[in-house]
Every structure is written in structure tokens, then in C-alpha cells.
Peer 1: 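After the C-alpha cells below, expect a handful of questions from me.
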Amino acid sequence: MSELPKTYEPQAIEEKWYAQWLNDGCFEGRAERVSAKRPAYSIVIPPPNVTGVLTLGHVLNNTIQDILARRARMLGKEVLWLPGTDHAGIATQTVVERTLKKQGVIRHRDDLGREAFLERVWEWKEKHGGIIIQQLKKLGASCDWNRERFTMDSEYSACVQRVFIDLFQKGSIYRGKRMVNWCPVSHTALSDEEVVMKSQQGSLTHFRVEIAERPGTFLTIATTRPETIPGDSAVAVHPEDPRYSAFIGLHVIRPLPAEMPREQRLIPIVGDTHVEFGFGTGVLKVTPAHDRADFEIGQRHGLPALDVMNPDGTMNSLAGAELAGKDRFEARALAIQKLQELGLFEKDEPHQSNVGFSERADVPIEPRLSQQWFLRYPSVPSSREVVRSGQMRFFPERWAKVYDHWMEGIQDWCISRQLWWGHRIPVWYFRGKDPENARQSLGFETEEGALRVLEDGTVAYCGDRAPGDNQLWEQDSDVLDTWFSSWLWPFATMGWPQSTETLKAFYPTTDLVTGPDIIFFWVARMIMAGFEYMGELPFRNVYFTGIIRDKQGRKMSKSLGNSPDPLDLISKFGADALRFGVMRSAPLGQDVLFDEKNVELGRNFCTKLWNACRFRQMQGGAVEAEIRSEFLSSEDKWILLRLDRTIQEVSAALEEYRFSDAAQTLYRFFWNEYCDWYVEASKAVLTSGEEARRENTLAVIDFVLAHTLRLFHPFMPFITEELWHGLGFHQELPSDQGGRSIQFAHWPKPLGEDFLAHYGLLPEDEVRANAKFDVVLAGRGLRRDFNLASNKKVAFVLQAQGALSEEECEVIRLLLNAESLELVSSGWAAPRGTPTALTPFGPLFLPLEGLVDMAAERERLGKEIAKIQQELIKVRAKLSNDTFVQGAPAAVVQEHRQRETDWLAKLTELQRIREALG
RNA sequence: GGGCAGUUAGCUCAGCGGUAGAGCGGCUCGUUUACACCGAGUUGGUCGGGGGUUCGAUUCCCUCACUGCCCACCA
């Protein structure tokens, strides 16, 4: 390869390699290659919204998956990372509908009708659906794109239908009129998980109602929702409340709608233990159609449910002439006004309460009684047990508790949505009452359980084909909750219900990477679907990422404008920089405070890596020559030992999904240990003119670089690939082991005992190299203390004759940027006032020929001596404490003794030096 | 109301029973055989408060305070 440019220019390189990887089929997961020797590794992408765009959350999530996938390839596994997108019912339908309205095409989707509207959504999907996929490619995601799936592909839809039919026939799915969370904006029911509670400042309206049987006697009710008074069908008090229990069985006159005849407004006073004595006035108005708890009270007392609202959140005619047609919040004010006019209003008290909001539309949901489909979750016990027992592992572990708690109190799932974009519910209703007639008019034999009489007497057929006589049968107009398709993702994407090669090879998947915000929406449900349809867990490990926040800790949001576009960051800094920057700051189990500085750091690191390789390239010589032990210096041995430790630490961190630790360790090793110490030290040999030693050093450099590039590859795929080829490390390797792409090069193993023995790498080598580095640090310290610019050539004297070889001295001299380093015997007497520092080999002098301020030097030494005395006092205090000596482990005591000896030696030495100064 | 995290240098975080650490920032010096997207040096902390266990606690236990999440039908 031609000489590398001075700085790393990511754009062209990223494009080049991504195209090459795709062209070479590097990302393909092939079932037929899986064997005992070549185990499978699989992961399914959490499918992003098909019309979505890439966010930093996606960057974090998908970088982690890519790291896992690439490392698995390097470990010799057959990897399948299966990508795709989600149709995201409400979100997509809302976006398309809003756009069409903005374009003036429609005022409401009804203007187009179901068929035509859906056509528009598909058009939209074709046009915008690929965006996020393209963005993921820019990030470097190594997904098997040939297998891209969409939750509304025809085969996928068939899976969804099949599962619905199966659960229907098993009786797990039922239809009923229940209290659901209704979104007045989207006009659909929502599941409990799609509702977020928000604390709201509201008010508690106090008003009076007269007891019909006791004219002139009033009860005061406190409510947050006066607009629903027309829907009240009772007043409830606690049966043991001495203030009110005597009134149970009597009636009150409901104030609204005022124009309704009095006798039609009589509602009973019931006793119910749900009522709290202490809250409000202790008298509760019961509105069964508009409140969950009230609905239950209504059930217990056989009260009618009066629905006084329209689906869009406006009041209907039952609310009375004046409220009818008004929005619920407008109606609230109006109701209060009416109460005032009737002389029944008492007061408004400020009140803080939790209100459920539609997650998507961000408006308060309306508890609403409506006909919906529900699912009694299947395979709950095994799904719960698999996590409890640790057979499936959660990272961080604490989410297992959250999961367990939810599974414990699991509620039936409302799965029908009053939308058009989604999987249509495969149920047809018979326009008649008699099941036998229905059976005959179907026109075909049904399976057991497919034909059923529903709660309200409707005869329903559920199956994969429409009944023959469509005059008599009408299909349910609702679609299924998006998550009712997502929960099948791990196996529906692999060809289920056929027993495909893919399923056999790659199911269950290995890891799932997702955000904790969808633990109930998605993770829990996938586990249940997995057990129900595949008979086992769908994935072995679940990694929950943190949530990306801005550097002030706020959530990313469009309105705050604090959500940077990852694509901008990629074009500014490069994909590898973004990946590395994010991973380095994303510790397991913690939210990530995003700061562009981190990406900058990633970019800087890429440049560093680039230049370190450039430096190697500039040295020329054969690539990856054999290392010869007889030429190894202690620095060589030191860096090899450091590399060995780094391999171990990085591997261990990745095994435990501690990505930021792995990134941190690599960063430190490469920048500090390799570049700052080793490369700088190696320059002594590289310029020495001794060919054999020089070549050997290059061999060590190559060895370290070839390992480091591989360790970095999962984090930074593009630059490592470029450098891998640029330095020629691919040359000798078979094409499936790094010859073609670094992503198939073997993941570095610890060097191993044989290697260490062969090259004579011992802990002492590390100690010796560190001792030399200590001399350098001491010398640099002296420089600083006497304000000598680092470019000023000075002569050092080390009182350690014979302790260091000439080559070793040369290394130290170079690192100190010194004119010379002279070794002298212990008899050598430093000129008075010579600055001195202690090193493991002996005192280091910096003779300055009278340039030095003696007083300053004495002061400096004085400070150092004082520091050592402090330490000595601490250690001695411990050692003179009998309880410590007797109570602490012998090793600890011994360690303290050693410390005392060391400090004492240093102290004596420094004192001697100070005396020498006079 | 219940549960789960967190509180360590100006900022972001590591350490989790035996001399307080890293990165970033700040400051000083610097065109030394890659790299100023750099190098060298340096400044920053009674480890949230209070108890307890221990020879010894940032580290273990209790308690309080604050912050953030999750769960919960108090109208």
C-alpha cells in the first residue's frame, strides 16, 4: 500500500470497506456452515420503526450488537445478525395521516377510505422505509442484509395470523366489553404499557348533592372530573364510615344534566370498602363508564355504565344539551359553572394527581368501556422461571427483578387497535344468532375452537380464510397491536412455522440487546411467545443498554433540540469515532450522558492509531518477521507482557458485556503503554544502526500492532480493516482467517505459558522496565522543578555504575531528551547544590554548574522529606498498634513492614543528599 | 405508597476492607525520527450527612437527606 496520509480520512475508507464486505458476503450467516467445530452465534435486531431515522439510542444499541457479532466471527463462530424493521402501527399511521393532512390531500383518513389509505401508507413505507437501514450501514452494522425482514411481509403476516388463530382456538384470546385506555387523538384502545403516568397539578372540585329521601340534607363530594357527573350512577361511601353509613340505601339527586327530570337523576348511595375515609370528603361519585375503579364498584353493585363521551374526547348527548359536543376539558369548566349556577358548588382545592397519558400522542387517556380483544398470556410460569433460575441471564442483573415483578402481577393484554395500518384481526362475525346456521354458511369445515359464541352472544369465526358467504359474515375491522407481531420476531424471522435450516442452526438466539424501556412491551412477550411456540427460551442473554441523555442529564428530545443527528457526527468525525466515543462512555447498567467531546476523543484516537501504524510503515522492513528472544530488551518484554494482560482484560470484559471497560483498557494500553512508552523507547533501537536488533524491534511492533488491531476491530471496524491491509498483516493468512478481512482473523488469545517461556518473559522484566521508566519520570521531574524547557538538552548523572547496560542508558537518555546520561560510582561526589532525585537504581543528578538556586533545591528536598516522614508516621503508627499486628493478616502486616523499610531507606537517602548540599 | 439505582477531583466516571485513581477540563513548558486530532509536566478530593461493625471503612451494616427511574385504581 502506498504511504498513509497524515490524518485518517474516514469517508472514502468507510464506503470502500462496507461495499467490499457486502460484496464478499462477509455478513452472511449460513446455516450449512454451522457444526460442532463452528458453533452458531445469532442475534436479532430490535426492529426499528420502518419510517424512523437513526438516533443516538440506535447507535448505542447497534454498535453493541455489532461488537458482539464481529467478535463472535473472530472467535470462529458462524454469525447471523438478523435485521429488519417494524411496521409500528400507531406511529406510522399517525405520521402518514398527518403528512397527508398537511399536504391538503385529506382532512381525515375517512376521506380516502381504508383501502386507499393503506395504499398511501405502503407508498410511504416504500419511499422512506429504507432510510434507517441505510443509516445502520453507515454505522458499520454487520447484519445479514439478505435476510432483512419486515413485520408486515406476507410470510411474517402469516405467522401473526397463525398465532392469533392458535391462541383463539386454545381459548386464550377473548373479546369483551372492558375498561380500556382510550386515546382520544388516535381513536384507539391502548395497552397498559402504552400509558405513562404523569404528575399533574389539577384541582379537586367539591360540590353538594341532596339526599332525595331527606330533603335539605346534603352530601359533599370531591372529584377531579366534574364533567363526568352526568355519567354517575351512584355515590359511594365506606360502609363503616360513621358519618355516612346510615345513608346507604338512600338516593341522591345527581345535579347534571340539570334539564333531565329529577326522578331520572336519582342515584343510589352504596357502601363500598374501596372508598377511603380520609380522602376528600369520604364520599365518592361512581362513574362506571369513565373510571377503572368505578367500573369495578359498578360491577359489585350492579350499576349501569353511562357513557357520556364520544371517542374523540368530546361529550355526547347523554351529558346534557349544554355539555354535548364540548371537549372534555372545556366541559370540565362548564360543569363547574353549572354547579355554581345550581348553588351546589362549594370550592375548588388545588390537587396533585397522577394522570395517564398516551405515550404516543401525549394527551391524557380516557378510561373507556369498549369492545376489545384480549389475550391471557401463555407460558407465563416457564417464562418467569427461566429468568428466576438464571437460565436466561439479564445484564445488568437487576432488571430480572423488575421482570419478575411484572410477570407476577401480569394482566391480560388488550391486543385490538382501532387502526388501519397493521395486521387485520382474522375474525368474522355472523349476522345471525344461531351457531349451527353459522357453521353451515361458512362453506368449509372448521377446526376445533375456530367457531365460538362470544360474551355478548355474537357468533364469531376465527381462521386463515374468509367464510364463503360474505353476505352473512363480516370481518372485524380492527388490527392487532404492533407488539402482537413483534413478540414473534426471533422465530418468525427465521422461517417459522416451517422447520427451517436457519431455525435449526441459529435458534435460540444467543444475545438480545435492547433498552430497558421495552422490557414489558417486547422482551417479556418474546420470552412467552418463545416458550409457547418453540418450547424454549428465545435468547440466552439479554443486555439492557442505558438511555442516552444529553450532558446535563436530560432525555434526548426533539423539542429540546438536544438530540444530535448521528449522521452529522459520522460525517464530521467518522463512524469508528462515533462508535468508540459512545462505547467508551456507556458503562453497563448506566445511562449515557452524551457529549460530542466523547466522539472527538474517538476521532483523536483514530488518528493516533493511524499515526502509530504510519510510523511503523515508515520504518520499512519485512512485515511480521519472527521475534528472536536473544535480541529482546526489557522494554520489548514489558510491552509483550502488557499486551498479554490487555488481551486477558479485554476478553474478560467482553465476556461480561463490560464494553466501556474493554474500550477503556484498550485505549489506555495503546495510547499510554504502547505509544507513549514503548514506541518512544524503541526509537533508541530503531536509530541505533544495529540491523539485527532493529529488525527484532520491528517484529515486536508488528506483533503488538497485529494483536491490537484485532482487539480494536469490533469497536472500530473500518480503520482497523484499512490498517490491517495497509500494513500487510493479511498477506500470509488464509482468506477465511484474516486474509480477506480482519473480521475473520482470530480473536487474540492470551500469549500462553509456552510463548512466555520461549521468549523468557518474566515478571522481573516488567519490574526492570518500570524501574527504567521511573528514572525517566524522576529526570523529567527534575527538569520541571528547575524550569528547564523540555527541549533543552541537559546532562544527567546516575549514581548506579554497572547497573544498566549501554543500550539501556541510551533508552533513558532518549526518553529524557537528554544530552547525555552518565553512570557513576557511589564514590562520586555531586557538586554542591546539584538537584537530585531518587530512582530504583540510585540517585539521579542534574548538575547545573551553579545555575541552581540552592535554597530552592533545599526547599524541594525538604518538601519531599516531609512527605516521606508523613508516610513513615502512618506506617509506624500501624505497626506499633498491637491490635493491628495481632488482628490483621500476616501478609498485610508484612507488607507494612516492607513499606516502613522502603520509606526509611528513601528518607535516609534524601537526608544524606540534603546534607551534601550544605 | 412500594421497589430499584445513584451521591468519590471543576465535569464524566473507576475503585468496593488495608498508602484515594482515570479520562476530559484548567495551568506551565515544548516544531525531539508517526501524531498539535500531539508530547512532557502540573493543579484538583475531610470519597452526601450521622451512627455502627472492625486492629483498620470510600469500600460492609443501619439511618437520614437529596437525585433519577420503574411499579401502584386514592376519587
Side-chain angles (χ1 to χ4, degrees), chain A residues 4 6-8 179 197 204 221-225 236 274-276 278-287 291-297 351 353-354 356 367 396 398-399 401-402 405-406 409 516-517 519-520 547 549 551 553 573 577 584-585 587 589-593 595 597-598 600-619 660-661 664 667-668 671-672 675-676 679-680 683 686-687 776-777 780-781 783-785 787-793 814-817 870-871 874-875 878 881-889 891-893 895-896 899 903:
Chain A
L4 296 164
K6 198 167 168 179
T7 48
Y8 172 59
M179 190 56 83
M197 294 309 246
L204 204 52
I221 299 173
T223 180
T224 53
R225 303 209 60 188
H274 168 77
V275 181
E276 300 266 336
F279 189 88
T281 58
V283 185
L284 173 69
K285 74 191 219 17
V286 183
T287 325
D291 185 280
R292 272 224 149 108
D294 289 8
F295 177 73
E296 281 164 29
I297 297 176
H351 178 66
S353 65
N354 285 331
R398 69 186 138 90
W399 293 111
K401 260 189 233 166
V402 176
H405 184 246
W406 187 77
D517 48 333
I519 184 168
F520 310 135
I547 292 167
R549 300 169 176 281
K551 59 180 164 186
F573 299 107
R584 205 176 141 281
S585 55
Q590 265 181 276
D591 287 353
V592 184
L593 298 196
D595 186 343
K597 275 247 172 328
N598 290 323
E600 210 177 309
L601 178 131
R603 189 266 321 261
N604 294 353
F605 185 76
C606 285
T607 307
K608 188 74 182 177
L609 186 60
W610 185 259
N611 275 300
C613 290
R614 211 170 128 243
F615 174 76
R616 165 61 188 95
Q617 196 186 43
M618 289 163 73
Q619 303 304 318
S660 66
D661 287 350
Q664 193 81 257
Y667 180 91
R668 199 171 309 161
W671 201 310
N672 299 337
C675 291
D676 290 347
V679 172
E680 291 309 317
K683 285 175 182 171
L686 294 176
T687 57
V776 174
L777 290 173
R780 286 172 180 166
R783 263 208 141 98
R784 185 249 324 156
D785 288 339
N787 252 332
L788 297 168
S790 45
N791 62 336
K792 186 161 188 172
K793 296 277 181 186
L814 186 75
L815 291 173
L816 275 173
N817 193 31
Q870 281 296 317
E871 296 298 343
K874 275 200 230 169
V875 178
K878 282 210 158 177
N881 184 344
D882 286 348
T883 46
F884 170 72
V885 176
Q886 283 150 26
V892 174
V893 177
E895 194 190 307
H896 278 75
R899 223 179 274 161
W903 286 126

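Here is the naming used below: chain letters follow the sequence lines, and residue numbers restart at 1 for every chain.
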Peer 1: Among the candidates B:C38, B:A75, B:C4, find the nucleotide nearest to the side-chain atoms of A:Asp291.
Peer 2: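 Looking only at heavy atoms from C-beta outward on A:Asp291, the closest nucleotide is B:A75.
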Peer 1: Please give the nucleotide sitting opposite B:C27 as a Watson-Crick or G-U wobble pair, both distances under 3.5 Å, or none.
Peer 2: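 WC or wobble partner is B:G41.
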Peer 1: Between B:C70, B:G18, B:C69, which nucleotide has the shortest distance from any of its atoms to the side chain of A:His896?
Peer 2: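 When the side chain of A:His896 is considered, B:G18 is the closest of B:C70, B:G18, B:C69.
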Peer 1: Among B:G23, B:U19, B:G18, find the nucleotide with the atom closest to the side chain of A:Trp903.
Peer 2: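 Taking heavy atoms from C-beta onward, the closest nucleotide is B:U19.
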Peer 1: Tell me whether the guanidinium CZ or amine NZ of A:Lys608 lies under 6.0 angstrom from the six-membered ring centre of A:Tyr667 and within 45° of its axis.
Peer 2: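 Not flagged: A:Lys608 not positioned over aromatic ring of A:Tyr667.
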Peer 1: Applying a 4.0 Å non-hydrogen cut-off, can you work out what A:Pro889 is touching in the nucleic acid: base, sugar-phosphate, or nothing?
Peer 2: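 It contacts base atoms.
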Peer 1: Please pick, from B:G30, B:A22, B:C37, the nucleotide with the shortest atom-to-atom distance to any side-chain atom of A:Arg668.
Peer 2: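 Looking only at heavy atoms from C-beta outward on A:Arg668, the closest nucleotide is B:A22.
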Peer 1: Does a side-chain N-to-carboxylate-O contact under 4.0 Å join A:Glu296 and A:Arg292?
Peer 2: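 Salt bridge absent between A:Glu296 and A:Arg292.
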Peer 1: Can you find a pair of side-chain heavy atoms, one from A:Lys793 and one from A:Asn817, that are under 4.5 Å apart?
Peer 2: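 Yes, at least one pair of side-chain atoms sits under 4.5 Å.
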Peer 1: Would you call the rings of A:Trp671 and A:Phe605 parallel, tilted or perpendicular, taking 30° and 60° as the class edges?
Peer 2: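 Tilted: the ring planes of A:Trp671 and A:Phe605 meet at 30° to 60°.
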Peer 1: Can you tell me, in whole Å, how much space there is between the C1' of B:G21 and that of B:C47?
Peer 2: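 To the nearest whole Å, 12 Å.
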Peer 1: Would you indicate which nucleotide in B:G23, B:C35, B:A75 comes nearest to any side-chain atom of A:His351?
Peer 2: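 Among the listed nucleotides, the one closest to the side chain of A:His351 is B:A75.
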Peer 1: Can you measure A:Lys401 atom NZ to B:C70 atom P for me and round it to whole angstrom units?
Peer 2: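 Rounding to the nearest Å, NZ of A:Lys401 and P of B:C70 are 18 Å apart.
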Peer 1: With rounding to the closest Å, how many angstrom separate the P atoms on B:C60 and B:G18?
Peer 2: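 These two P atoms come out 11 Å apart once rounded.
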Peer 1: Sticking with atom P, work out how far B:C70 lies from B:U58, rounded to a whole angstrom.
Peer 2: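 Rounded to whole Å, the distance is 34 Å.
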Peer 1: Need the pair for B:C13. Rule: Watson-Crick or G-U wobble, both distances under 3.5 Å, any strand; none if unpaired.
Peer 2: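 Check on B:C13: paired to B:G21, both distances under 3.5 Å.
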Peer 1: How far does the C1' atom of B:G49 sit from the matching atom of B:A65, given to the nearest Å?
Peer 2: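 Comparing C1' positions in B:G49 and B:A65 gives a spacing of 7 Å.
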Peer 1: Can you tell me the Watson-Crick or wobble partner of B:G1, both distances under 3.5 angstrom?
Peer 2: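 Here B:G1 is engaged in a pair, and the nucleotide opposite it is B:C71.
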Peer 1: Which label fits B:G41, syn or anti, where anti is any glycosidic angle not within 90° of 0?
Peer 2: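 It is anti.
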Peer 1: Atom CG of A:Leu284 to atom C1' of B:A75: distance rounded to whole Å?
Peer 2: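 Roughly 5 Å, once rounded to whole Å.
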Peer 1: Give the rounded distance in Å between these two atoms: CD of A:Glu296 and P of B:C74.
Peer 2: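 The answer, rounded to whole Å, is 12 Å.
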Peer 1: Can you tell if the side chain of A:Gln664 reaches within under 4.5 Å of the side chain of A:Arg668, non-hydrogen atoms only?
Peer 2: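 Answer yes - side chains close enough.
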Peer 1: Specify the separation, in whole Å, of atom CG of A:Asp676 and atom C1' of B:C38.
Peer 2: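 Taking atom C1' of B:C38 as the reference, CG of A:Asp676 is at 10 Å.
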Peer 1: Quick check: any donor-acceptor pair below 3.5 Å linking the side-chain of A:Lys683 to the base of B:A34?
Peer 2: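 Present.
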Peer 1: Give the minimum heavy-atom separation between A:Val275 and A:Leu284, together with the two atoms involved.
Peer 2: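 Closest heavy-atom pair between A:Val275 and A:Leu284: CG2-CD2, 4.0 Å.
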Peer 1: Distance between the P atoms of B:C27 and B:U43, in whole angstroms?
Peer 2: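 Rounded to whole Å, the distance is 15 Å.
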Peer 1: Can you tell which of B:C73, B:C74, B:A34 lies closest to the side chain of A:Phe615?
Peer 2: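 Looking only at side-chain atoms, A:Phe615 lies closest to B:A34.
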Peer 1: Could you write out each protein N or O paired with an N or O of nucleotides 10-14 of chain B at a distance under 3.5 Å?
Peer 2:
unit_1: B:A14; atom_1: OP1; unit_2: A:Gln590; atom_2: OE1; d: 2.5

Peer 1: Taking the C1' atom of each, how far is B:A20 from B:A9, in whole Å?
Peer 2: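 Rounded to whole Å, the distance is 10 Å.
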Peer 1: Would you kindly give the CG-to-P distance between A:Asn791 and B:U28, to the nearest whole Å?
Peer 2: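 Answer to the nearest Å: 17 Å.
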Peer 1: Classify the side chain of A:Glu680 and the base of B:A40 as holding, or not holding, a donor-acceptor pair under 3.5 Å.
Peer 2: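 No, the side chain and the base share no sub-3.5 Å donor-acceptor pair.
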Peer 1: Across all strands shown, which nucleotide pairs with B:U7 by Watson-Crick or G-U wobble geometry, both distances under 3.5 Å?
Peer 2: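 Because both required distances fall under 3.5 Å, B:U7 counts as paired with B:A65.
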Peer 1: Let's test your reading of the model: under 3.5 Å, does the base of B:C37 pair with the side chain of A:Arg603 as donor and acceptor?
Peer 2: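 In this structure, the two groups form a donor-acceptor pair.
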Peer 1: In whole Å, measure the gap between the P atoms of B:U31 and B:G68 for me.
Peer 2: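 B:U31 and B:G68 have their P atoms separated by 50 Å.
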Peer 1: Between B:U32 atom P and A:Arg780 atom CZ, what is the distance in whole Å?
Peer 2: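 In whole Å, B:U32 P lies 15 Å from A:Arg780 CZ.
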Peer 1: Rounded to the Å, how far apart are A:Asp595 CG and B:G25 P?
Peer 2: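 Computing the A:Asp595:CG to B:G25:P distance gives 11 Å.
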Peer 1: Between B:C55 and B:C71, how far apart are the C1' atoms? Round to whole Å, please.
Peer 2: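 Roughly 45 Å separates the two C1' atoms.
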Peer 1: Just the rounded figure in Å: distance from P of B:G17 to CD of A:Glu895.
Peer 2: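 Going from A:Glu895 (CD) to B:G17 (P), I get 15 Å.
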